[in-house]
Amino acid sequence: MSSLPIHTEFGSIDALRRALRDHKISALEVADSALQAIQASTSLNAFLHVDPDLTREQARAADALLAKGGAPALTGIPIAHKDVFVTRGWRTTAASKMLANYVSPFDATVVSRLQQVGAVSLGKLNCDEFAMGSGSENSAFGPVHNPWNPERVPGGSSGGSAAAVAASLVLASTGTDTGGSVRQPAALCGVSGIKPTYGTVSRFGMVAFGSSLDQAGPIAHNALDLLELLDPMSGYDERDSTSLESCDGAPNRPGRIRGEFDTTSAQFSAAGAQPLKGLRIGVPSEFFNNGLADNVAQAVDDALRTCESLGARRVKISLPRTRLSIPAYYVIAPAEASSNLSRYDGVRYGHRAESYTDLADMTSRSRAEGFGPEVKRRILVGTYVLCQGYYDAYYLQAQRVRRMIANDFQQAFAEHCDVIMGPVTPTVAKRIGDNREDPTADWLADIYTLGVSLAGLPAMSIPCGFSADPAPLPIGLQIIGNYFREGQLLAIADRYQQATDWHQRKPGQR
Ligand code: GLN
């Protein structure tokens, strides 16, 4: 394909970094070729905002740093942000008509941290409105298309983030995961994604959906590239009230995950960095239920076999409340959303109706016009479960279930296994429009990702195969770790990727 950007020749962040540092190529050349590729791929609808001037400005600054020497780790690396991270200078819409013209006066912490280490932003990525959805079809600006097959969804809500990486428009992107929105689109687009432990990455400047669940995470082609982004993204931030100062005794700051990654690998270094050697992999029986498609079950089983051949052991475990994660999540997340979204009243910012009779009428018209159907559904559900009289029956009950789900994971880790593996999604990517008549069908397909979010655990998705019919659509393997074990997860994924090449396949090249 003639429009493939220059960075695709390097295949990894580290390889591109070396070329930039050796002055074999400039950050501006990299940025310009990515901008061209984005221009040529508008049919994917992965990007909502591109601003060549801003991108080139960042690239020129990167080149100046590279010329001086001692440039930080991601200097000149092309990335892009999900449009729920606020950005100074670029619009931030959260894929909603409500914020169609919103420009933030400040950058989200994730955005400024990546900029501080030199990453060059190519723009803002499409997603489900306010990150509510599983297919990136709920965007007010039209659906995102899956680069493997444009008739299919890329997953969601971080669908633009996964599609942009899969189509090689950027080397990596940021996403957010409230109930699976980094892992699920990564799985359906054949790329890698990680959701870290809740509280390790700052939520400051992330448009809030379900605040006790929302967590940012990167999407890239492979585990090492994820490490390159996740490590500098994470760290304590006093502007986020749930940000953690320490993780298991270690200060929460950039370097923590890289340090743990090194230890995990070094621990086994006598055998040549083998994080899978002797590893007990818990396989929950509830993840292999009736709803799981045969091709996904087969690919995940093959991946587990590969892990066994690398020294791991499979252990059967049970996460008995897996099914309850759906009702619990779809009570808690909408409850928090209904509260978070009450700020869009048409007064200070956001869409305001043109004609209205009084203040109350202005608020209700502005909200009726600004929010899309799925967002309204969540606000209605959330308001209902928080009503006096229903609060105990729904919200409080869901909180109790949430605690039990977290305990189930803790019991598995304490008694049976080091990590847990299974599918990310029950099927490969569905057709755009498939669940239009029944929005709850999408909710049910979140079954394998919601429990992790309710428990606040880290988890990732890496490519582990493709469907033969319809061909070829990617399948993801989910790897779940105990709190703060991001480094271990990445080391395991890296080892798996040294032994397989699923993560190297690109749409149109198979
Ligand atoms: N699909 C889930 C939902 O619609 C998860 C979304 C997310 O993680 N942002 O709520």
Inset, instruction - Quick one: list whatever passes side chain to side chain donor-acceptor pair (under 3.5 Å) with Y395, sequence neighbours left out. - result: Q399

Inset, instruction - Name all residues meeting the side chain to side chain contact (heavy atoms under 4.5 Å, CB included) criterion together with A119; count only those two or more places apart in sequence or in a different chain, and write none if there are none. - result: L74, I79, L114

Legend entry - For D225, salt bridge (Lys or Arg N to Asp or Glu O under 4.0 Å) partners two or more places apart: none

Legend entry - Residues that R313 engages under side chain to side chain donor-acceptor pair (under 3.5 Å), provided they are two or more places apart: none

Legend entry - Pairing residues for D14 by the side chain to side chain contact (heavy atoms under 4.5 Å, CB included) criterion, not counting sequence neighbours: S12, R17, R18

Inset, instruction - Taking ring pair (Phe, Tyr, Trp, His ring centres under 6.0 Å) as the test, write out the residues that go with Y390, two or more places apart. - result: Y384

Inset, instruction - Sequence neighbours left out, what passes ring pair (Phe, Tyr, Trp, His ring centres under 6.0 Å) with Y483? Give chain and number order. - result: none

Inset, instruction - Using a strict cut-off of less than 4.0 Å between a Lys/Arg side-chain nitrogen and an Asp/Glu carboxylate oxygen, indicate whether D177 and K195 qualify as a salt bridge. - result: no

Legend entry - Ion pair R400/D392, N-O distance below 4.0 Å: no

Inset, instruction - Provide the full list of ring pair (Phe, Tyr, Trp, His ring centres under 6.0 Å) pairs with a residue in residues 408-454, sequence neighbours left out, each pair given once. - result: F287-Y448, Y330-W443

Inset, instruction - Return the set of residues passing salt bridge (Lys or Arg N to Asp or Glu O under 4.0 Å) with D237 (not counting sequence neighbours), or none when no residue passes. - result: R239

Inset, instruction - List in chain and number order the residues that pass side chain to side chain donor-acceptor pair (under 3.5 Å) with E486, two or more places apart in sequence or in another chain; answer none if no residue qualifies. - result: T197, R256

Legend entry - All salt bridge (Lys or Arg N to Asp or Glu O under 4.0 Å) counterparts of E137, not counting sequence neighbours: K430

Legend entry - Ion pair R280/D418, N-O distance below 4.0 Å: yes

Legend entry - Counterpart residues, salt bridge (Lys or Arg N to Asp or Glu O under 4.0 Å), relative to D301 (two or more places apart): R305, R314

